[in-house]
Amino acid sequence: MKPGTPKGTRDFSPTEMVRRNYIFDTIRTVFQRYGYAPIETPAMENLETLMGKYGEEGDKLIFKILPRGEKLQKLLPPEEALRYDLTVPFARYVVQHQNELTFPFKRYQMQPVWRADRPQKGRYREFFQCDADVIGSASLLNEVELVQLMDEVFSKLNVPVTIKINNRKILAGIAEVIGEKEKIVEITVAIDKLDKIGVEGVNKELVGKAISTLAIEKLQPLILFKGSTDDKLKLLKKLLENSAIGKKGIEEMEYIFQQLSNFKLSNSSLELDITLARGLNYYTGAIFEIKAREGTLSSSICGGGRYDDLTGVFGLPNVSGVGISFGIDRIFDVLTELNKFDGIDYSRLTTKLLFTHFGEGEQNYCLSLLPKVRASGINAELYPDLTKIKKQFDYANKKQIPFVVVVGGDELQSGMLTFKDMSTGAQEKLSIDQVIERLK
RNA sequence: GUAGCCAUAGCUCAGUUGGUUAGAGCAUCAGAUUGUGGUUCUGAGGGUCGUGGGUUCGAGCCCCAUUGGUUACCCCA
């Protein structure tokens, strides 16, 4: 049998895991700093929980689990599926545990999700998301805080990013004033592609979606507009003055930008992007999308938004939430491409000291020293086989273990260990306490 | 769902208009060196050239099919 992982899935080797864990730890630390508490949910959900939440395209990408046993033989439809994101399972969780939770409930969650997609650059069928959501609070300060949080994470990871922000209410307002209220999805999907296919491409797609010529004409000043956030808001105000929902969206954006103007974002440029749409159906207010400003990955590495009634379908109406999701695997790809892993100190995560030995007696002696070393917080290990010292040193080099202790007959007799710095080759005789002192 | 590209050793790849026994680097193992490695030198193992069929005196190379990978579209973290 030829070994291999399924399409769009990967193994992670130790070097990669150390780096991935660095990303996880960075994000987790920031999440906790902002008061988010961890939860986990099962890899699989009832299919019913997931279906209909992600739009027509999204539903197709849900990994369904084949029925088993008798149900399979009767060709019954699937009842379970792997989770597609962390937001919908979270909504289900909130409804199910509503009596135990204190609202507003701030949770973070870092788990894999699965999509039955075609893999390509930056796209996997199994990938990790790191989500932070606040549910049970309609305050726009949550949006403000999430922007700060995203800025802090990417600042810590040393990746310059652009945070794009928009509002579904503005998009709804636009659809309304151009007289195509029903076609909001088609319109937003089309203008979302502005970057990629240009104005003409967008217009062509709009025509294809049976949007009226008049509506497309009305849309032009908006698509063609270039200017500052303030200018954009001004234009929108004028354009949407007859749309209640549009005006509400502008108000929200103004508030968020006004609040954020009091804080200096350290690593991000914040941008109101009227063309930002985002596919997920459940967003109702602010929407976010983050792209790295350097590197070749053009897809987003983080995204999110506000959903006013995601818990409604599970029987808990009128609970608004807002959240963001970091795409760990894409962030990893960006950091790798930009060589951002180079300067990071992993020493606390890897072995610092290897005990090498010339025989069984020496090995046993090393074994007796290990607990004390480890209790002192030093990552240490013992070479487990009886073999030539060369091979043991090779092992240390391959694992990039910076220090070794050599124990032979002399050391056994004197109780003084040979302590060797593998980078310089220098060695000296030290007691075990001195070795510990040196490495602490 | 649509389309392009790729598939040769564990890994990265070379392989001439189709021509003898398919190569290199890295990695692995052993030796030079029985208490001192990472740099050096020597040697060894490792391949049904993705799979199946076809064309040909002859196929890693050409043709068809198939599988897997990858990239783009749709959509998305």
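Excluded from the calculations below are hydrogen atoms, water molecules and symmetry mates; all remaining heavy atoms, backbone and side chain alike, are included. Each chain gets a letter, A, B and so on, in the order the sequences are listed, and its residues count up from 1.
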Inset, instruction - Answer yes if the ring centres of A:Y84 and A:F63 are under 6.0 angstrom apart, and no otherwise. - result: no
Legend entry - Cation-pi check, A:R19 onto A:F332 ring (under 6.0 Å, within 45° of axis):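 So A:R19 doesn't make the cation-pi contact.
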Base, sugar-phosphate or nothing for [X]? Non-hydrogen atoms, less than 4.0 Å.
X	answer
A:Q120	base
A:Y124	base
A:T418	base
A:D329	nothing
A:Q400	nothing
A:K193	sugar-phosphate
A:Q427	base
A:V189	sugar-phosphate
A:K420	base

Legend entry - Side chains of A:Y54 and A:D85, donor plus acceptor under 3.5 Å: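 Their side chains do contain a donor-acceptor pair, which is all the 3.5 Å distance test asks for.
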Inset, instruction - Go through the side-chain N and O atoms of A:N379 and A:T351 and say whether any donor and acceptor fall under 3.5 Å apart. - result: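 Looking only at side-chain atoms, A:T351 and A:N379 do not form any donor-acceptor pair under 3.5 Å.
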Legend entry - Watson-Crick or G-U wobble mate for B:rA3, both contacts under 3.5 Å: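 Partner of B:rA3: B:rU71.
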Inset, instruction - Scan A:D151, A:V153, A:L265, A:I301 and name whichever one has a side chain to side chain contact (heavy atoms under 4.5 Å, CB included) with A:V161. - result: A:I301
Return yes if the base of [N] and the side-chain atoms of [X] contain a donor-acceptor N/O pair under 3.5 Å, otherwise no.
X	N	answer
A:R118	B:rU70	no
A:K390	B:rU33	no
A:E57	B:rG1	no

Between the protein and nucleotides 25-30 of chain B, are there any N/O to N/O pairs under 3.5 Å, and if so, what are the atom names and distances?
{"residue": "B:rU28", "atom": "OP1", "partner": "A:K398", "partner atom": "NZ", "Å": "2.7"}

Legend entry - Closest listed nucleotide, where the reference is the side chain of A:D394 and the choices are B:rG37, B:rU2, B:rA77: B:rG37
Legend entry - Rounded interatomic separation in angstrom, taking CD1 from A:I163 and P from B:rA77: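 About 16 Å, once rounded to whole Å.
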